[in-house]
Number of protein chains: 2
Amino acid sequence: MKLKSMDISATASASSIVFDALRNAIIEGQLEEGEPLRQDEIARLFNTSRIPVREAISRLEEQGLVKTQRYKGAVVAGLSPEEAEEIFSLRALVEPEIIKNAVPRMSREVLDQARAKCSAFSESKDPMEWGNLNRDFHETLYSASNLSYFLEIAGNAIDRVERQIRAQLVMSNGMERAGREHFAILDACENGQADTAAELTKAHIEGAKTSLLQFLPKA
Amino acid sequence: MKLKSMDISATASASSIVFDALRNAIIEGQLEEGEPLRQDEIARLFNTSRIPVREAISRLEEQGLVKTQRYKGAVVAGLSPEEAEEIFSLRALVEPEIIKNAVPRMSREVLDQARAKCSAFSESKDPMEWGNLNRDFHETLYSASNLSYFLEIAGNAIDRVERQIRAQLVMSNGMERAGREHFAILDACENGQADTAAELTKAHIEGAKTSLLQFLPKA
DNA sequence: ATATTGAATATTGGATCCAATATATATTAT
DNA sequence: ATAATATATATTGGATCCAATATTCAATAT
């Protein structure tokens, strides 16, 4: 008798399914700044009760992706230019450290995947894909790093600005410059130049910061 | 007719009361690594139902202060030497930036408060107070900074290692060195030397990292 | 017509209950 | 006595219900 056993405790809870779906919807711009998250509506959509939805929303608030007000519910968080600047500054501190740690640990396989993703980004004609391709590329490189806490911090920082980055990528001509910079970072990684990769990553982020700040409306 | 009005939506929810209490209990070492957080027990203690307790626990997990396993509940998170190292490295990146931003913004009042807290730390004979006094001092200096996101990141990083820092402060002779370093940082702040304050802060954190890593058991 | 008040409806916060899973204890088999 | 099985108990996950607060709409006053 061949049975495929599975660890039942690895199954996703209702709350984490809702959390992941909402996080993705926010990052991808399907839920826009200020949009209310109606507990009952989301619960209906996922065919669950409101309790897991409330837990998911609590977690999203800790991630800075939504803002809740007592008795008034949650809305998708906005991003002021000041906040954006800080978040990018933090990324410019953290991500070079990640890549510096990652470079000596990169396998041939990781580098191949990264090159494929770099090309995919560069060649894509579908603006809807650019955000995912951009992020995939960076995440592939960073995946070689063993700095799990730094990865967690960077991941959340990116989540915070991702919706705006994606909007900006679609609406401006930053794609070409980003593509070139990706290849330069990748080359440095392939050549084992950790410090160069870190510097290029920092410059890349600083450039993205400048672009995004120009794109964001002034309050 | 004189009525004192209040904004009812500013009242604390059950969930945030539980969250704050658990966070403090973890930070202060009253809840130790591996200790289970029993939903029903906590609910009874706070005279509420389990729902707000579950939400509080979800938030604590996002903060990295507890670890939950599906169907098995939450336990207070541990801290490996590797994690500790990373968290301190992140702090050593972030906190100097905070203080550099804070120094030119420090009022006479903030500096006076900081000096009072610095002296209080230095003079305290009660090991149970050292943790709070230490943190108070740094938070007072940082409060002059307008980098709200950096403050959030640093605050959480400190929360993650605070229990161990406090244990280590009590059990080792790092108090004297910490006290001297505090006064040096404070002097630099008072003299408007933002870069010096940043360097001293970085050195202070790196020193604390070394001490803590010596204190933590090797796995 | 506009402003104010009252009623109805929508939504959130959390209490209670039920089902599912994990753990502890008792019973049976070896 | 030890190991395996069955039963009881503890705990978690979430469905449902109720109370509290906010928002919308209708009715009334000016």
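Heavy-atom basis, side chains included; hydrogens, waters and symmetry copies ignored. Numbered from 1 within each chain, the chains take letters A, B, ... in sequence-line order.
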K.L.:
List in chain and number order the residues that pass salt bridge (charged side-chain N to carboxylate O under 4.0 Å, His left out) with A:E61, two or more places apart in sequence or in another chain; answer none if no residue qualifies.
P.N.:
none
K.L.:
What residue among A:K117, A:E129, A:H182 forms side-chain hydrogen bond (donor to acceptor under 3.5 Å, both in side chains) with A:N134?
P.N.:
A:H182
K.L.:
For the pair made of CD in B:Q69 and P in D:dT12, what is the distance, rounded to whole Å?
P.N.:
12 Å
K.L.:
Rounding to an integer number of Å, can you tell me how far A:F46 CZ sits from D:dG13 P?
P.N.:
19 Å
K.L.:
Give the nucleotide from the list C:dG13, C:dT11, D:dT11 with an atom nearest to the side chain of B:D40.
P.N.:
D:dT11
K.L.:
Rounded to the Å, how far apart are A:K72 NZ and D:dT24 P?
P.N.:
10 Å
K.L.:
Considering non-hydrogen atoms only, spot the tightest contact between B:Q168 and B:S211 and give its length.
P.N.:
NE2-CB, 3.1 Å
K.L.:
How close or far is atom C1' of C:dA10 from atom CZ of A:R44, stated in whole angstroms?
P.N.:
11 Å
K.L.:
Taking salt bridge (charged side-chain N to carboxylate O under 4.0 Å, His left out) as the definition, give me every residue that meets it alongside A:R23, ordered by chain and number, with sequence neighbours left out.
P.N.:
A:D159
K.L.:
Hey, what are the protein-to-nucleotides 14-18 of chain D N/O distances that come in under 3.5 Å?
P.N.:
| unit_1 | atom_1 | unit_2 | atom_2 | d |
| --- | --- | --- | --- | --- |
| D:dG14 | OP1 | A:A14 | N | 2.8 |
| D:dG14 | O6 | B:R50 | NH2 | 3.3 |
| D:dA15 | OP2 | A:T48 | OG1 | 2.6 |
| D:dA15 | OP2 | A:S49 | N | 2.1 |
| D:dA15 | OP2 | A:S49 | OG | 2.7 |

K.L.:
Under the criterion side-chain hydrogen bond (donor to acceptor under 3.5 Å, both in side chains), which of B:E95, B:H138, B:R91 is the partner of B:H204?
P.N.:
B:H138
K.L.:
With side chain to side chain contact (heavy atoms under 4.5 Å, CB included) as the criterion, how do A:L65 and A:F19 come out once you've worked through the C-alpha distance, each side chain's angles and the decisive distance to 0.1 Å?
P.N.:
CA-CA 11 Å; A:L65 296 181; A:F19 173 81; 5.9 Å; no
K.L.:
Does D:dA10 have OP1 or OP2 under 4.0 Å away from a side-chain N or O of B:Q39?
P.N.:
no
K.L.:
Just checking B:I57: base, sugar-phosphate only, or nothing, at a heavy-atom cut-off of under 4.0 Å?
P.N.:
nothing
